[in-house]
Structure formats: structure tokens, C-alpha cells
Peer 1: 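Following this message is one structure expressed as C-alpha cells.
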Amino acid sequence: MKLNKAFLYKVHLPLLTPFRTSYGLLREKSFYLIALEDELGNVGYGELEAFPLPDYTEETLEGAKKVVVSLLLEELRGKEIKCAEEVSEFFAWIRGNEMAKSSIESACYDLFAKRQKISLAHFIGAQRKEISVGVSIGIQKNERLLVEKVHAYVSAGYNRVKVKIKPGADFSYLKAIRDEFPELPILADANSAYEEKDLNELLKLDWLNITMIEQPFGVRDLWLHAKLQDKLEKVAVCLDENIRSLEDVKQAHAFGSCRAINLKMARVGGLREALRIAEFCKQTGMIVWCGGMLEAGVGRAYNVALAARNEFQFPGDISATSRYFKQDIVRHNFELVDGKICVPEGLGIGVEIDEQALKRFTESVETILLD
Ligand code: OSB
Ligand code: MG
């Protein structure tokens, strides 16, 4: 396969409700939709997920876009790409920049699946037709509002909830949910908001029968997470921000820093690395589940295909389109039916771009000739 052209659409998609984490508030999902055209005229899509500010991980949307244009697309220019797995090898000399790499690598996977006239799910060996999913809920003003939200999502059929927490909005918020829902699987995600002095406070999560605590400590920390995991009796520590590669997962496993991995394709540099991590987790008995970053339709299609593989036994942060957006840029609406989302069966990622909607939410378009 050879690439002919790339189109980069800068898109701003308003969120139905603002999403508050321990580090900030998001009102819209800003991203680049990347369309890669091959020599046969097929088009593969990728979503560049880096956030406008380097507050989740180090990459920024504009910085990552620059890496895509000046390094990654140049790396592929004029090359004969033999298979999807090869793309990450071409990028290997470039350190970090995982979200930039993932946007292009995944679009190549989409292209290879389309060239073989099969779905992406099939292409990556995913066998499930539908996946069981959960929902991630931002920090609310008070406990009562949070419990109301949980009620609505549980009634809609979500199989578990993840609640964003931070110091001062943690234990009492989680207890309010637990009092109302004695059996509900609850995860707490701190996005790195705690420090060593909070370690004993976090042990109280055991009392509430919380399923997992996600990334309480620093984005480079393995040591404090290991101390916490060792002291917790029931709760699994789950790592998000500090997992960028299989190497990171192996070290976290060896140190005992976690029992679960929130796996995001974009955060680990693409599909190939994500598949290797899923495989390692299965072999070692670590829990692996598919996380999210408020993706629009293209990014969501990748998450759904990945989560359809059988290593993923725990419901992911993959919610219905309607949980995020009034209008998406793809024609496909991901819907929740009996707590499950169907895996698209069309060619490649299996969702088509809604050109009208894309135009409506696009700030600018850039075309890059590659042949
Ligand atoms: O920490 O998992 C996270 C969203 C943006 C950035 C980081 C995270 C999240 C979520 C939302 O938790 C998951 C989703 O529904 O897409
Ligand atoms: Mg997280």
C-alpha cells in the first residue's frame, strides 16, 4: 500500500454536558479527524485525541498535529507499506508522541482492513458481536447530583459506573452511591490528584467495596501505586496515564503497582501496541479494559473494535453516542441495548463520515499530497 494524500480536519464538537475531572473542565471535544487516501482511492480515518492542554498527558493537540505533519506523514511519504503492523516500526525512532502516532497508525489499520474488504474488528481478530459497557461520570457539585446521575445511567442500562474523584470530592461521594446501590460495580478515577500523604485516606476505599481506583498518583509513579496496591485488601489499583507502552505494563506488573490496566489505543501509540498489551495482560492474569477520551465517532469505532477482543472481560468506558454529543461527525449512532453496544460490521472501522456534520463542526482543513 502507498499513501496518496492526507486530509486533516480540525473539529470542535460540543459536549452535551461539560466533563469535570480533578484537573479541569472540558466543554467540547476538539480533535483532528485525519483521512488517509491510498493509491487505490480507499480512505482510512484516524482521530487525533490529544487534548488542547497538556493536562492529561504531555501531548497537546497542536503539538501532536505538528508531529503528524512534519514527521509521521513524511516518514510514510513514498513508502510501500507492506502491512498494518509495519507502521509502528517506521515510527519507532520517534520517542513518545503516542497520540500522534496512534492517529496515523490506526488509519492505516482501517485502510488495510478496507483493502481486504473486512471489518476492522475482524482484521484485528475480535470475535464478539457486541460489548458490555460502562460510563464515566465527571465530578458533580454535590453528592445528591452525583447519585441522580448514577440513577439515570443505571436505568439506561450501563453495567458499571466510573466516578471522577479528587481530594475533597471522594469518599462521601462514593459512599452516597454505595448506600443507594449496594451491588453496583463502582470505579473511582483520580487522574493523578493524590500524593503520598493521602495513602492512608485511600485505604478507606476498601470499606466501600469499590472495584478499582484508577491512577491516584503521579503519571510517572510506580512506587506509590505499588504501596497502595499492597495495602488494599479488595480494591484493584488500575493504571491509566502512566501506561504508554507494553514496557510500562511489564514494569507495573513486576513492581505490583496495579492489578488492572485502563487501555487506550491512542495513549499507547496505536493498535499494534494495544494488542500486545492486551495479550500480555491475558497471559499474566491482569485485568484489561478499554478506556476512553470522549472520542467522537471514529475514535469510538476503534474502541469498540478493540474491546470486542476476548482479552477484554470488564466493561469499558465506551458509552453511547448520546451520552456525549447531540450530533456526531459519523452517520452511525452507537446505541446502548441491554447494556451492550454492537460492533460495526461494515468495512474497516464500519462507520461513515457525515460530510454535512463534519463541515458544520470543522474549523479548518489541510491537504497534504504524499505521492
Ligand atoms: O481518565 O479515563 C480518563 C476522559 C478524558 C480524559 C481522561 C479520561 C476520560 C474519561 C472519559 O474518563 C471516558 C469516556 O467516556 O470516554
Ligand atoms: Mg483515567
Side-chain angles (χ1 to χ4, degrees), residues 13 15-31 47-61 64 98-99 102 131-140 146 149-150 153 156 158-166 170 186-194 210-219 221 225 236-244 248 252 258 260-268 287-304 306-307 314-325 328 334 336 341:
L13 213 47
L15 286 168
L16 277 172
T17 48
F19 190 73
R20 187 177 292 283
T21 63
S22 61
Y23 58 82
L25 184 72
L26 269 185
R27 294 184 181 280
E28 58 177 17
K29 170 74 185 179
S30 298
F31 62 98
E47 213 173 278
L48 178 52
E49 308 290 356
F51 293 99
L53 298 174
D55 49 5
Y56 167 65
T57 60
E58 298 84 350
E59 285 179 276
T60 62
L61 185 55
E98 290 83 8
M99 296 195 196
S102 175
I131 55 166
S132 173
V133 297
V135 62
S136 172
I137 307 174
I139 296 173
Q140 305 296 310
L146 176 60
K149 285 247 163 185
V150 173
Y153 287 126
Y158 288 102
N159 293 294
R160 56 86 174 148
V161 297
K162 180 171 109 177
V163 183
K164 294 289 185 180
I165 59 166
K166 65 177 181 183
D170 43 20
I186 303 171
L187 285 69
D189 185 1
N191 288 106
S192 188
Y194 294 87
I210 298 297
T211 310
M212 295 181 202
I213 168 75
E214 184 173 321
Q215 196 77 38
F217 302 120
V219 304
D221 171 86
H225 285 109
V237 173
C238 175
L239 292 179
D240 175 356
E241 281 89 331
N242 63 1
I243 300 298
R244 314 297 172 86
D248 291 338
C258 65
I261 300 290
N262 169 337
L263 184 53
K264 300 180 184 174
M265 172 187 87
R267 203 198 54 229
V268 301
I287 302 164
V288 63
W289 56 274
C290 186
M293 289 187 276
L294 312 171
E295 286 85 352
V298 167
R300 192 161 315 282
Y302 284 101
N303 290 348
V304 170
L306 182 61
F314 187 80
D317 279 347
I318 308 173
S319 307
T321 305
S322 63
R323 179 258 174 272
Y324 307 93
F325 312 111
D328 201 344
F334 290 92
L336 195 67
I341 286 180

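Counting convention: from 1, in listed order, for ligands and their atoms alike.
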Peer 1: Go through the structure and list residues passing side-chain hydrogen bond (donor to acceptor under 3.5 Å, both in side chains) with Y153, not counting sequence neighbours.
Peer 2: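 Not a single residue meets the side-chain hydrogen bond (donor to acceptor under 3.5 Å, both in side chains) criterion with Y153.
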Peer 1: Could you tell me which residues satisfy ring pair (Phe, Tyr, Trp, His ring centres under 6.0 Å) with Y194, sequence neighbours excluded, listed by chain and number?
Peer 2: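 Partners of Y194 by the ring pair (Phe, Tyr, Trp, His ring centres under 6.0 Å) criterion come out as none, since no residue qualifies.
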Peer 1: Give me the ring orientation class for Y56 and F51: parallel if the planes are under 30° apart, tilted from 30 to 60°, perpendicular past 60°.
Peer 2: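 Rings of Y56 and F51: perpendicular, over 60°.
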Peer 1: How about the Mg ion (ligand 2), which protein N, O or S atoms come within less than 2.8 Å?
Peer 2: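 You should have found D189 OD2, E214 OE2, D240 OD2.
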Peer 1: With a 4.5 Å limit on heavy-atom distance, are the side chains of R267 and N262 in contact?
Peer 2: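 Touching, per the 4.5 Å side-chain cut-off.
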Peer 1: Output yes when E58 and R244 qualify as a salt bridge under the 4.0 Å nitrogen-oxygen rule, no when they do not.
Peer 2: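 Yes, E58 and R244 are salt-bridged.
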Peer 1: Do T21 and N191 pair up side chain to side chain, a donor and an acceptor below 3.5 Å, judged on atom types alone?
Peer 2: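 On atom types as modelled, these side chains do not qualify, holding no pair under 3.5 Å.
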Peer 1: Enumerate the protein residues lying less than 4.0 Å from ligand 1, judged by heavy-atom distances, in chain and residue-number order.
Peer 2: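 Residues F19, Y23, F51, Y56, S136, K162, K164, D189, N191, E214, D240, N262, K264, G292, M293, L294, E295, D317, Y324 each place a heavy atom under 4.0 Å from ligand 1, listed by chain and number.
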Peer 1: Flag the pair W289 / R160 as yes when at least one side-chain heavy-atom distance between them is below 4.5 Å, and no otherwise.
Peer 2: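 They are in contact (side-chain heavy atoms under 4.5 Å apart), so the answer is yes.
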Peer 1: Is there a side-chain contact between Y324 and L13 (heavy atoms, below 4.5 Å)?
Peer 2: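 Answer no - side chains too far apart.
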Peer 1: Do the side chains of T211 and F314 get nearer than 4.5 Å, heavy atoms only?
Peer 2: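 The answer is yes, as the side chains (C-beta and beyond) meet within the 4.5 Å cut-off.
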